[in-house]
Amino acid sequence: MKPDESPSLKEAIRSAIWAQTLTAEQLALVEATTFEVFIPKGGFVCHKGEVVDNWIGIISGMVKMNNFSPSGKSVTFTGVPPGGWFGEGSLLKDERRRYDAMTLRDSRIARMPAPTFHHLLENSLPFTRFLLMQLNERLGQFIGMVENERLLDPDTRVARCLASLFNSHLYPGIERLVQISQEEVGLLSGSSRQRANQALQVLEKEGLLRVDYGGIRILDLEGLRRFEA
DNA sequence: TCATTAAATTGTT
DNA sequence: AACAATTTAATGA
C-alpha cells in the first residue's frame, strides 16, 4: 500500500489536458491563484443560485451535479470524475449557478478564480479550444441522455451512464476505477439501486467491468459505449 | 500490530 | 422495501 496515491494540487493542475498547452507564464499564474479545498462526503461543492466566481476541478473523489425539483425530489444530471473540470458555462455567461454540486466521496477540489479563467480565455487559443471541445462533448452527452431516458432499457442506460463519466473529458488519467456505490449508480442512471445492481451484474458477465466493494472497475470502455441489451 | 465493534455496502428475497 | 452477508473503518489494548 502506498501512503497517498492522490496527486498534489500542483500535479493535478499540470496533468490537466488544458494545462499542457499553456505558456510558462500562464501556468505560473494558474498555480499562483488556484487553491484547494477539502470537502467531505455528502458536502456541497457549490450551490444553485450562488454567484459563480470559480472554475472547479476535481483532484480526487467524485462529484455529482444535481437539482431538487419543487417537490423535493433530487434529479441527478451527471457525475464528474477526478481530472474533470466544470462550471465554465455559468462563468462564461456571467450568470448564477444553475445546479448544485455535491460530493459522493471525500473529495479534494481545485478552484480557479474567475479573473485567472478569463485571462486564459483571452490569451490562450488552445485553452479556448479546449473549452469549446468540452462544451461540445457535454452537449452530445446531454442529447444522449434524453435519448437514453426514453428509449433504452435499464441495462443499457447504466452502461452508457458509466461510459459518460469518462466521455466528457478525454481522460488522461488511465485510472478506470469509479469510486461510487451501486446506490449512486442508480441515481446517476435514473433507476433503482436493485435495478442498477442487476444491470452491473449483466455488464460484469459481458466482461465490460468488474464490481468491487464501493466501486467499479471499467475494463472495456468502448464496449460499454456500444452495449445494447 | 492485532482483535473487537460499528458502519457502510452489497446480494438476495 | 426489507433482510442477511460481506467489507471497510474505527477503537482500544
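In the text below, chain A, chain B and the rest are named by the order of the sequence lines, each starting its count at 1.
Residue Gln179(A) contributes atom CD, which lies 14 Å from atom C1' of dT7(C) at whole-angstrom precision. The interatomic distance linking Ile180(A) (CD1) with dT10(B) (P) rounds to 10 Å, in whole Å. In this structure, Tyr213(A) places its OH atom 7 Å from P of dT8(C), rounding to the nearest Å. Here dT13(B) presents its P atom at 13 Å from CD of Gln194(A), a figure rounded to the nearest Å. The CZ-C1' distance, from Arg195(A) to dT10(B), rounds to 16 Å in whole Å. One atom, CZ of Arg217(A), and another, C1' of dT10(B), lie 16 Å apart when rounded to the nearest Å. If you take CG of Asp212(A) and C1' of dA8(B), they are 16 Å apart, rounded to a whole angstrom. Taking atom CD on Gln198(A) and atom P on dT12(B), their separation rounds to 11 Å, with Å as the unit.
Salt bridge annotation for Arg195(A)-Asp155(A): present, with a cationic side-chain nitrogen under 4.0 angstrom from a carboxylate oxygen. Salt bridge annotation for Arg108(A)-Glu36(A): present, with a cationic side-chain nitrogen under 4.0 angstrom from a carboxylate oxygen. At a threshold of 4.0 Å, the pair Glu184(A)-Arg193(A) does not count as salt-bridged, since none of the basic side-chain nitrogens sits closer than that to a carboxylate oxygen.
Between Asn197(A) and dT10(B) there is no side-chain N or O to OP1 or OP2 distance below 4.0 Å. For the pair Lys41(A) and dT9(B), the criterion of a side-chain N or O lying under 4.0 Å from OP1 or OP2 is met.
Between Phe86(A) and Tyr99(A), the ring-plane angle classifies as tilted under the 30° and 60° cut-offs.
Among the protein residues, Gln201(A) comes within range of the sugar-phosphate backbone only, with heavy atoms under 4.0 Å from sugar or phosphate atoms but none that close to a base.
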